[in-house]
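To keep things clear, I will list the structure first and then write my remarks on it.
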Amino acid sequence: AGYCIPASTWNGVATAYLKYVPSPNLPGTTNNLSYVEGITDNANQYNFRIDHATGDKHRLFIRGTKDNDNHLNADLFNSFTGPNAWQQPIGAYLFALGDVYQVSSNVVLQFTYGFARQTNYQPGNNVYKYDAADYGFSSTLLGEQQVPGIPVASFTSLAGAQVGWQSSFNHWSHSVHSLTGTVLWQ
């Protein structure tokens, strides 16, 4: 007794963060936290394909795919809503058109157009969903944040334990168009 630091002298930000750090569940003073990370994926894919022969020498096709995947990682308490949790919705669209025409018994023409688009948005829950002001951060920090959220804090004595998942996140989309023409001559 008598060896405790009075709670009134604790740092307010550190104290607010403590509720997001689980108690050690292994012996020792370092590397004493073990947990199984909850992960879930919800993926859906929709496809269509149409082939049409307009005659003995002419074929057309159209194909498309829509793919959605919502990936969720739980926090240290296996909650999908805590500041350590994160999600990653990924979407993809694929589309192709083709035209194949047999000019003669030894010459075939083929034209194909394709389009692909993929989107990726990967915010940590600590971004947007939590306000740094609620944890005692200064108005200076709040005024300099590009996006609202609580900063990441990690603990060297608890391997894998941190408050906040990331300080930056993925938010991008890519599109590709392709047009090809082929002459097959035998």
Side-chain angles (χ1 to χ4, degrees), residues 1-48 64-94 116-176:
Y3 295 111
C4 291
I5 299 171
S8 61
T9 63
W10 293 2
N11 177 284
V13 171
T15 302
Y17 270 41
L18 282 177
K19 66 181 174 185
Y20 298 116
V21 181
S23 299
N25 57 11
L26 296 173
T29 56
T30 61
N31 296 325
N32 56 5
L33 175 64
S34 177
Y35 68 98
V36 176
E37 184 176 36
I39 297 174
T40 183
D41 277 280
N42 183 8
N44 295 298
Q45 187 177 77
Y46 308 94
N47 299 292
F48 75 89
T65 297
K66 182 177 184 329
D67 188 21
N68 295 322
D69 181 7
N70 192 20
H71 177 85
L72 300 170
N73 267 63
D75 67 6
L76 298 171
F77 294 99
N78 251 348
S79 167
F80 291 104
T81 60
N84 303 38
W86 59 277
Q87 64 179 350
Q88 183 177 21
I90 299 173
Y93 301 90
L94 305 168
R117 176 178 170 85
Q118 184 177 26
T119 59
N120 185 346
Y121 181 56
Q122 185 183 19
N125 280 358
N126 64 306
V127 180
Y128 296 120
K129 295 183 179 181
Y130 289 82
D131 187 351
D134 295 341
Y135 296 84
F137 284 96
S138 70
S139 59
T140 303
L141 174 90
L142 298 174
E144 294 187 11
Q145 286 185 306
Q146 292 180 350
V147 294
I150 57 174
V152 174
S154 60
F155 307 91
T156 56
S157 62
L158 295 173
Q162 68 181 34
V163 174
W165 180 70
Q166 58 193 21
S167 56
S168 62
F169 53 86
N170 293 321
H171 191 187
W172 53 261
S173 64
H174 299 289
S175 298
V176 176

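The figures that follow rest on heavy atoms only: side chains count, while hydrogens, waters and symmetry mates do not.
Contact detail for G91 and N68: the closest heavy-atom pair is CA-OD1, 4.1 Å. Across all their heavy atoms, L33 and S23 have their closest contact at CD1-O, 3.9 Å. Nearest heavy atoms, Q145 versus G149: NE2-O, 2.7 Å. Of all heavy-atom pairs between L141 and A132, the closest is CD2-CB, 4.2 Å. Closest approach of N78 to G38, counting heavy atoms only: OD1-N, 2.8 Å. When all heavy atoms are compared, the tightest approach of F77 to K19 is CE1-O, 3.6 Å.
Residues that satisfy the side-chain contact (heavy atoms from CB on, under 4.5 Å) test with T9, not counting sequence neighbours, are I5, P6. T40 meets the side chain to side chain donor-acceptor pair (under 3.5 Å) test with no other residue; sequence neighbours excluded.
Remark: the backbone N or O of S34 is paired with a side-chain donor or acceptor of N25 at under 3.5 angstrom.
The CH2 atom of W172 sits 7.5 Å away from the OG1 atom of T119 when rounded to the nearest 0.5 Å. Atom CG in L94 sits 9.0 Å away from atom CD in Q118 (nearest 0.5 Å). Here CG of L26 is found 12.5 Å from OH of Y35. Values are rounded to the nearest 0.5 Å. Here the CD1 atom belonging to I150 is positioned 7.0 Å from the CZ atom belonging to F137, to the nearest 0.5 angstrom. For the atom pair CD of Q88 and CG of D69, the computed distance is 8.0 Å after rounding to the nearest 0.5 Å. If you take CZ on F48 and OG1 on T65, they are separated by 8.0 Å, rounding to the nearest 0.5 Å.
Side-chain contact check for Y128 versus P148: some heavy-atom pair is nearer than 4.5 Å. Side-chain contact between I90 and H71 is absent, with no heavy-atom pair separated by less than 4.5 Å.
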*asked:* For V21 and L76: C-alpha separation, side-chain torsions, deciding distance, then whether side chain to side chain contact (heavy atoms under 4.5 Å, CB included) applies.
replied: CA-CA 7 Å; V21 181; L76 298 171; 5.5 Å; no
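For Y93, the OH atom is loosely surrounded, since the number of other residues' heavy atoms within 6.0 Å does not exceed 12.
For residues 129-143, every residue pair satisfying the side-chain hydrogen bond (donor to acceptor under 3.5 Å, both in side chains) rule, not counting sequence neighbours, is listed here: Y20-Y135, N125-K129.
For the 3.5 Å distance criterion, the side chains of N120 and Q122 fail to qualify, holding no donor opposite an acceptor.
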